[in-house]
Every structure is written in C-alpha cells, then in structure tokens.
Trainee: 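Dropping the structure in here first, questions after.
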Amino acid sequence: MSDIQEKKAAIAITLPDGTVRTFPCGSTGFDIALSIGRRLAEDALAVTVNGKAADLYAPVASDAQLEIITFDTPLGRDIFWHSASHIMAQAIEELYPGSKFGAGPATEQGFYYDIASEHRFREEDLRLIEQKMLEIGKRNSTLRREEMSRTDAIAYFKNVRNDPYKVEILETTLKDVDTVSIYHQGDFADLCTGPHLPSTSKLKAVLLLNISSSYWRGDSSRENMQRIYGIAFPSDKLLKEHIARLEEAKRRDHRKLGTELELFMLSPEIGSGLPVWLPKGAIIRSELETFLKEEQRKRGYLPVYTPHIGNIELYKRSGHYPYYSDSQFPPLTYHDEDGKQEQYLLKPMNCPHHHLIYSSKLRSYRDLPIRLTEFGTVYRHEQSGELNGLVRARGFTQDDSHIYCTPDQLVDEICNAIDLTQFVFGTLGFSEVQTRLSMHDPANQQKYGGTAEIWEQAEKDVREAADRMGIDYFIGIGEASFYGPKIDFIVRDALGRKWQLGTVQVDYVMPERFDLSYIGSDGQKHRPVVIHRAPFGSMERFIGVLIEHTAGNFPLWLAPVQAVVLPIAEEVHDYAKTIHAALIAAGIRAEIDTRNEKIGRKIREAEIGKIPCMIIVGQKERDSGEISLRRHRSGDMGSFTVPGLIDILKKEISERT
RNA sequence: GCUGAUGUAGCUCAGUCGGUAGAGCACUUCCUUGGUAAGGAAGAGGUCAUCGGUUCAAGUCCGAUCAUCAGCUCCA
C-alpha cells in the first residue's frame, strides 16, 4: 500500500470534547479508546458513531463523531444488561436444554428474558443460573455479529436454533426488513439488532431477582411464558452498591413504614384494597387537604360535596360505564315500594356529579371560569393483582376539581392548573417529576369519544399550555383518557416504579354528553370546555409516594407528632407537664413520655418514631425555666425558653418548610 | 384476572423426618431516678390465614378459599 493511499484511508474522529484525531480507516472503537487510555479501553463497552450505537469492534470507515460508551452511561448500562440477558439465556439453555426464548431486553433496572421451558423455574434455580452465567463470563466468549437475509435467518432459527418465537418475530414484526443481525456467543445465538458487549468476560457480577410470568408478545390470549428478572455489573463492588440500594428501598417501602409509624392499615375483614387511615396517618392527610384547600381558595375554587353513589344512568350518560364497566364494583340494585328497579353505582369518579352542579342553573359567560372542587372518594374494582398498599387501592380520594370555562379561557386555565400542581409538588419537595403529555392513539380510534377535530383542538391546547409554562415534557401516545388528552405528573417510588400523581385533563366530550352550556355575550347558548385536574391525584397514592420520598421523616407541618417532651427523671414530671400543656395550647401536636425509662431510651424511641422535636427537660432546665431541644436526625440544638421554642416551631409549621 | 411465591404472638422471624409452639423487639408489673439512640428482673401474649381431606397423630402432607408479595395485563 502506498503512502498516498494510506493517507487517503485515514479518517478524522471527533470526540465528545471536540478534539479531532486521525485514525487509519477501519479502526475500531476499541483502537480509538486505547489511543486515549488503557483504562478507557478496558471500560469501553461499545461506541456511538454519529450518535448511533455500534459494537466496540465494528470498523469505522469514514469521518465521524464518536463516543466511547462505558457502564457509567444509561446507554452503556442498557447494552451491558442486554448482553447479560443473552448470557442468561445461554446459561439457561445449557442447564435446561430445550428451553425456547421469547423476548429478552434490558430494562431501566436490569434485564429479563421470557422463556418457554418444560422446567418450572424455582428460586433455587436462580443461584445455579447465576453461577453458570459467571462461568460463561470466564469463558471470555466473543459476541460476534452476523448479518444475514431475513429468509436465511428464518431457516436458521427453524432448523439450527429450533426457536419458534424468533421465527415468529422474523415473520411478523420484521416482515419488511431484508437483512437482520444475529449475535453469536459460544454455541448460543440470538436474533438482535445490538450492539452488544465485545466479550462475555465483561460480566463480573450478576443477581437474578425473581421469576414471574408474562404473555408472549404481551397478549393475554397467547401462551404464558416464564420471565426471569436480573441485573448484572462489571464489578462486584457495583453489585454490592446495588444491593445496598435495594435494602434502602425496602426500608422506605410505604407499606412497611405505614405499619411501623401507624399511619394506615389494610384489613381483609374490611376488604382488599380499602385502606383505613389510622389517627397518625389521618393527620398527614388532613394537613395536606388543608394546605390545598387554602391554596385553592386563593385561586378561586368553589368547594362542593357530592354523594358516594350515583344512579347508573349518570355513568351511562357520561360514557364512563361502557368504557370501564369491568373495573367497577357491581351496581347496587334497589326496588322501591312500587317494585320499580333502580341501579346505583359506587361512584368511580366525581365528574358527573360536578357537571350536574354546573348545569343546575343558567350560566353566563361572565360567571366563567367556574372551578368546582371536592375531595371526592371514589371506588374502582381494580384487578386483584394490581393492588399495592396505598399507591393502588380500590377506594381512594381524589383532590378533584372541574373547571368550566370558555374556549378562550382554556389555555390560561390549563396553565393555572399546571402552576398549582407545580406549587404543590414544590412544597412537598418532589424535584424529580416527569411530565407526560398523554395523547390519543389515532390508530385506535374506538378507544376514544369525540370527533377527530375535537381531539386535534384539545391536543393543540394542551401543548400550547405546556409550552407556555416551560414544562420539560415527553409525549405518551395512547395514554389519553377516552374524553381527552392529559398532562400527567409522574414520580417514582422507592423501588423506581413510576406512578402518576397529579393530572390536568382537557375535556370537550363531557360538555356534549351533559349538554352543558353558558350564555355568551351574543345572548346565545355556547358549549363550555371542562378541565379535570387533581394536583395530588389520589390522597392515598400521593401519601404513599410521599412516605417513600421522605422515608417517613415528614416535615414539621406534616409530622403526626411534632414534638415529644422527655423528662429526665420523675422529679421534673410536673415541670415537663407544664411544657407539654404550653405546646398543646400553642396548637402544636405534642406528646409527653413519662415512662419510667432512662433518657437515652426515650430519645432512641423518639428517633425511631421519627418525631421531629424532642424537648428534653431535667433539673437544669426546670431551674432555669428553659428546655433543651433535640431535632430528629440532627441532635442537640441547645437551650430555649418556652415562648422562644414555640415561635420557632410555629414559624416552621406555617412556612411548610 | 393470569403466572409464581408467601401466610406461625402487635412487629421481625425460627420451628429438622408428621408426635401437640419458640426467639428477639413491643406490651404489663416490680426494681432502678437517670443528661442526648436500648438499665435490670418477672409476667402475659397463639383456633400456626380460613375451610376441608389423608393419618393413631397435621404448623408440617394434599385440596379449595381468602389475603399479601413480584411480575404480566389494565388504569376514568
């Protein structure tokens, strides 16, 4: 090869920091990583070339922007876990020959593979599979990419791999694709677009978490498969850290803390999915409700109360009944004295009641917007497998409001609702909130009410409001409710599962169904638009997530017990009681611990009980007429006079910090 | 609803091969009167989720039901 040709064959690689380096044509990501540093080359899992992920050993043939991908990035973890799922499949194939493989992707927190096997997987099997996976890692097998035509791939999976699921994918999902890729490692091979790890040896630590079931292709009419979930790491240290995080999540679990802190209970004698608020939990809920009521009063909301049941005709009219009849409690059937039958539904939502309040009198455009609000308890017969403590219940209370406005006012009103939601989330310290614009799925039109024009308008309005509020959102196609698009505020629980809390929903459909109207400036009847909105969403779910978010360490304004007076010895009990009485008189939720125990013990139990303020009094405090304050998780704060203490606490409570 | 697992004292859990129930914490009483995360002693506490079956005998084996957990499906 001549010099000239070599120069021509050089390629310019632009690295993420903007530096440009020259490499021979056909250099791989590994070569480039090695030229930067040995450590980086070791950590390198794959590359992106002009933003597109590729294998570490794929030759780069032209000038490109290139980034070395390591486990530290979301993409790196995704690739690592995806390869780990292949390695798990190989391990299962070796241990349980004849197993067939469905889908095996990486997830946000690891990976899974769906398996059809004669063998029923049990907990003990997971340890065996883990060992086999680590063994495959030690074999240092290359993950080799092979491209072949789709027809060849079908033949390959039919005859060589004998895997009907992969054949089905090739024949359906990929039917329009000419060339597909297959990744080989040792004797195992899988249909996969990749990219993958360069070698199985990157896998140094693995934890298989649980076995569950799934439907092939997520279709409940098709066969059940066994799904094994796991997570893997390039080092033992990272696995240990992950296990520590799992344990922390377990400690924060709202069901565990709810029992320990006596916030709520669930009892089969009352019914599954029907949470009961214990006195301490009821305080938290009541404080949150008061907080929102105050804020809504400032924002022009009008409180109403409506019954817990409603005539079934109401829900047929709203359109909810046909859409959701299978997730409602069965109707209550009632015969009056004349034998006439009526059916009532435990209300699954509040909107129809509010719509009837709206239409109970003639409304002028001058009255709008009208914002009706209620903490409305609703009942939905959620599938038994869905129930989960407070975050998924069958009876729950929505902080539900319906805003009736003119089309002109709509975007402003959506913005107001977004602002209120953000205010609520901000006050409660939720910083990692994702916002989803939940749009309809045009391919599934029968799921929705209303006309195409109405949907187009509603989605445009939602977008406009979200843009005006400067929200960083993502679009969820098919996530809309049947009557309109939504803006959903989503947070994660301790285990990383996502839950929708606040919501703002636009509705052009209900006003039609309920023939809602107002008299415009032209003296004619016009149709208002409805916004459904709930900043908390459900009080139960919100508090469930709040418990996990705070790990039970509630801010002072929400703490069920705000202060506990801890006398050091019996001789200061009388003094301690005067302090306790003064706190109670000041409206502070205070207790007193006059048990015959040492102060160390009383403090320990108050700390475990997550009581924000410990008021310690002994001989010294009695003589000086002061108290000693200890804050939960902070320690000794020094001495205060009683009025001084009360001022501090009342300020902190009223500021809700 | 589906697949799998689990259910023993208020809580966390042990209970071997089927032989009649155990610990720690919490609780009650007594002793101890103390200075910023566990003082000591004693006591009480159980229809082993429920119902049925096998067996001389069931917490233990089998079946059904209920509930819980993980995931799937669903979510106004």
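Computed from a predicted structure; not experimentally measured.
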Trainee: Provide, to the nearest angstrom, the distance between the CG atom belonging to A/D253 and the P atom belonging to B/rC11.
Mentor: 16 Å
Trainee: Please check if the number of heavy atoms outside A/Q446 that lie under 6.0 Å from its CD is greater than 12.
Mentor: yes
Trainee: Taking the six-membered ring for Trp, does A/Y324 stack with B/rA76 (centroid gap under 5.5 Å, planes within less than 30°)?
Mentor: yes
Trainee: If you check the A/K447 side chain, which of B/rC75, B/rC11, B/rG39 turns out closest?
Mentor: B/rC75
Trainee: Base, sugar-phosphate, or nothing for A/G218, non-hydrogen atoms under 4.0 angstrom?
Mentor: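 Result for A/G218 = sugar-phosphate.
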Trainee: Within the structure shown, what part of the strands sits under 4.0 Å from A/Y323 by heavy-atom distance: base, sugar-phosphate, or nothing?
Mentor: nothing
Trainee: Quick one: sort the A/Y483 and A/H320 rings into parallel, tilted or perpendicular, breaks at 30° and 60°.
Mentor: perpendicular
Trainee: Within a 6.0 Å radius of atom CD on A/E118, are there more than 12 heavy atoms belonging to other residues, nucleotides or ligands?
Mentor: no
Trainee: Using a 4.0 Å heavy-atom cut-off across all strands, classify A/E597 as base, sugar-phosphate, or nothing.
Mentor: base
Trainee: Regarding A/R601 and A/E605, does a basic nitrogen lie under 4.0 Å from an acidic carboxylate oxygen?
Mentor: yes
Trainee: Looking only at N and O atoms, is any donor in the side chain of A/R217 or the base of B/rC72 less than 3.5 Å from an acceptor on the other one?
Mentor: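 Flag unset: no donor-acceptor pair detected.
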Trainee: Should A/K498 and A/E108 count as an ion pair when the cut-off is N to O under 4.0 Å?
Mentor: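 Yes, A/K498 and A/E108 are salt-bridged.
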Trainee: Report yes or no: is there a donor-acceptor pair, N or O only, under 3.5 Å between the side chain of A/Y113 and the base of B/rG71?
Mentor: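 It does not, because no donor-acceptor pair links the side chain of A/Y113 to the base of B/rG71 below 3.5 Å.
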Trainee: Please work out which of the three classes, parallel, tilted or perpendicular, describes the rings of A/F329 and A/H381, given edges at 30° and 60°.
Mentor: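 Rings of A/H381 and A/F329: perpendicular, as their planes differ by over 60°.
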Trainee: Using whole Å, report how far CD1 of A/I608 lies from C1' of B/rG24.
Mentor: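 From A/I608 CD1 to B/rG24 C1': 14 Å.
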Trainee: Any Lys/Arg nitrogen of A/R251 or A/E248 sitting under 4.0 Å from an Asp/Glu carboxylate oxygen of the other?
Mentor: yes
Trainee: Taking atom C1' of B/rA70 as reference, at what distance in whole Å does atom CZ of A/F121 sit?
Mentor: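 Roughly 17 Å, once rounded to whole Å.
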Trainee: In this structure, which stretches of RNA chain B are paired as stems of three or more consecutive Watson-Crick or G-U pairs, both distances less than 3.5 Å?
Mentor: B:1-7 with B:66-72, B:10-13 with B:22-25, B:27-31 with B:39-43, B:49-53 with B:61-65
Trainee: Under 4.0 Å: is that the gap between some side-chain N or O of A/R227 and OP1 or OP2 of B/rC2?
Mentor: no
